[in-house]
**Student:** 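I have a structure I would like to understand better, so I am pasting it below and will then ask my questions one at a time.
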Amino acid sequence: MDYAVILAGREEPLPVYARVVEALENFEEFPFLLESIYREASELDDDDLDRLRFGLVRLQVYADIHRYENMEAAQQMKYVASVIERVLFGRLL
């Protein structure tokens with residue numbers, strides 16, 4: 001599954017997506033990647049922050065749609081996306 005495509009939607013991917021994809025592909029490393037994701041996102045302008053937030057929402061929606069194909073992967077996608085969203089924005093959209 002191409003997580004970067006899901007995050008980017010129909011726009012060019014943001015560099016921070018690489019870290020999010022890394023967390024999704026290696027779930028055990030997520031706790032150690034969270035701070036670097038936060039720091040990278042803190043340097044984004046408002047438009048790119050919106051794009052990141054909607055990328056995280058898009059990931060959660062994708063996980064819901066495909067949850068019966070692979071429950072574990074869907075749960076991990078939702079968890080990673082929701083934790084990053086809460087850390088960066090204080091709440092879920």
Side-chain angles (χ1 to χ4, degrees):
M1 159 177 347
D2 194 347
Y3 297 116
V5 171
I6 297 166
L7 287 162
R10 295 200 168 107
E11 297 186 31
E12 288 296 313
L14 296 170
V16 69
Y17 292 162
R19 294 271 189 208
V20 177
V21 169
E22 187 179 348
L24 292 164
E25 290 177 344
N26 191 358
F27 188 65
E28 296 293 322
E29 288 296 309
F30 178 51
F32 307 105
L33 295 169
L34 192 55
E35 186 175 355
S36 61
I37 293 169
Y38 174 82
R39 291 189 187 285
E40 214 171 314
S42 69
E43 296 177 5
L44 297 174
D45 63 29
D46 288 342
D47 288 338
D48 286 344
L49 268 176
D50 282 344
R51 288 180 52 209
L52 173 57
R53 190 167 202 179
F54 277 100
L56 295 171
V57 170
R58 198 170 19 259
L59 189 63
Q60 293 173 65
V61 170
Y62 182 90
D64 280 339
I65 291 170
H66 296 278
R67 71 177 164 255
Y68 296 114
E69 294 170 21
N70 185 338
M71 289 282 249
E72 185 176 348
Q75 289 174 337
Q76 289 176 353
M77 279 188 273
K78 286 192 72 153
Y79 181 76
V80 166
S82 64
V83 167
I84 293 171
E85 189 178 0
R86 279 191 211 113
V87 166
L88 295 178
F89 304 104
R91 62 181 175 83
L92 297 175
L93 185 64

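Note that the structure is predicted; figures quoted are calculated from it, not measured.
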**Student:** Could you check if a side-chain atom of M77 sits within less than 4.5 angstrom of a side-chain atom of L24, using non-hydrogen atoms only?
**Tutor:**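 The answer is yes, as the side chains (C-beta and beyond) meet within the 4.5 Å cut-off.
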
**Student:** Rounded to the nearest 0.5 Å, how far does CD of E22 lie from CG of L33?
**Tutor:** 4.5 Å

**Student:** Going hydrophobic residue to hydrophobic residue with side-chain gaps under 4.5 angstrom, can you get from V21 over to F32?
**Tutor:**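 In one cluster: no.
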
**Student:** Is F89 close to L49 at the side-chain level, that is, under 4.5 Å between some pair of heavy atoms?
**Tutor:** yes

**Student:** Taking C-beta and beyond as the side chain, do Q75 and K78 meet within less than 4.5 Å on heavy atoms?
**Tutor:** no

**Student:** Could you work out, with side chain to side chain donor-acceptor pair (under 3.5 Å) as the rule, every residue matching D50, not counting sequence neighbours?
**Tutor:**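 Scan of D50 (side chain to side chain donor-acceptor pair (under 3.5 Å), adjacent residues dropped) gives none.
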
**Student:** Applying side chain to side chain donor-acceptor pair (under 3.5 Å), can you list everything that pairs with E35, at least two apart in sequence or on another chain?
**Tutor:** R39

**Student:** Is the number of heavy atoms from other residues, nucleotides or ligands within 6.0 Å of OH (Y79) greater than 12?
**Tutor:** no

**Student:** Would you say that Q60 contacts E85 through its side chain, given a criterion of any heavy-atom pair below 4.5 Å between the two side chains?
**Tutor:**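 Heavy-atom side-chain distance check passes, below 4.5 Å.
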
**Student:** Can you check whether Y3 reaches L59 side chain to side chain, under 4.5 Å on heavy atoms?
**Tutor:** yes

**Student:** Between Q76 and F30, is any pair of side-chain heavy atoms under 4.5 Å apart?
**Tutor:** no

**Student:** Of all the heavy-atom pairs spanning D2 and V5, show the shortest one and how long it is.
**Tutor:**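 Scanning both residues, the minimum pair turns out to be OD2-CG2, 3.0 Å.
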
**Student:** Where do L52 and A41 come nearest, in terms of heavy atoms and distance?
**Tutor:**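 So the two residues come closest at CD2-CB, 3.8 Å.
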
**Student:** Apply side chain to side chain contact (heavy atoms under 4.5 Å, CB included) to R58 and L7, showing your working.
**Tutor:** CA-CA 6 Å; R58 198 170 19 259; L7 287 162; 5.8 Å; no

**Student:** Which atoms form the tightest heavy-atom contact between P13 and A8, and what is the distance?
**Tutor:** CA-CB, 3.8 Å

**Student:** To the nearest 0.5 Å, what is the distance between CG on L34 and CD on E29?
**Tutor:**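 Separation between the atoms: 12.5 Å.
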
**Student:** Any side-chain heavy atom of V61 sitting closer than 4.5 Å to one from D64?
**Tutor:**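 Not touching, per the 4.5 Å side-chain cut-off.
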
**Student:** Flag the pair Y17 / R51 as yes when at least one side-chain heavy-atom distance between them is below 4.5 Å, and no otherwise.
**Tutor:** yes

**Student:** Measuring from E43:CD to D48:CG, what's the distance to the nearest 0.5 Å?
**Tutor:**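 Taking CD in E43 and CG in D48, the distance rounds to 12.0 Å.
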
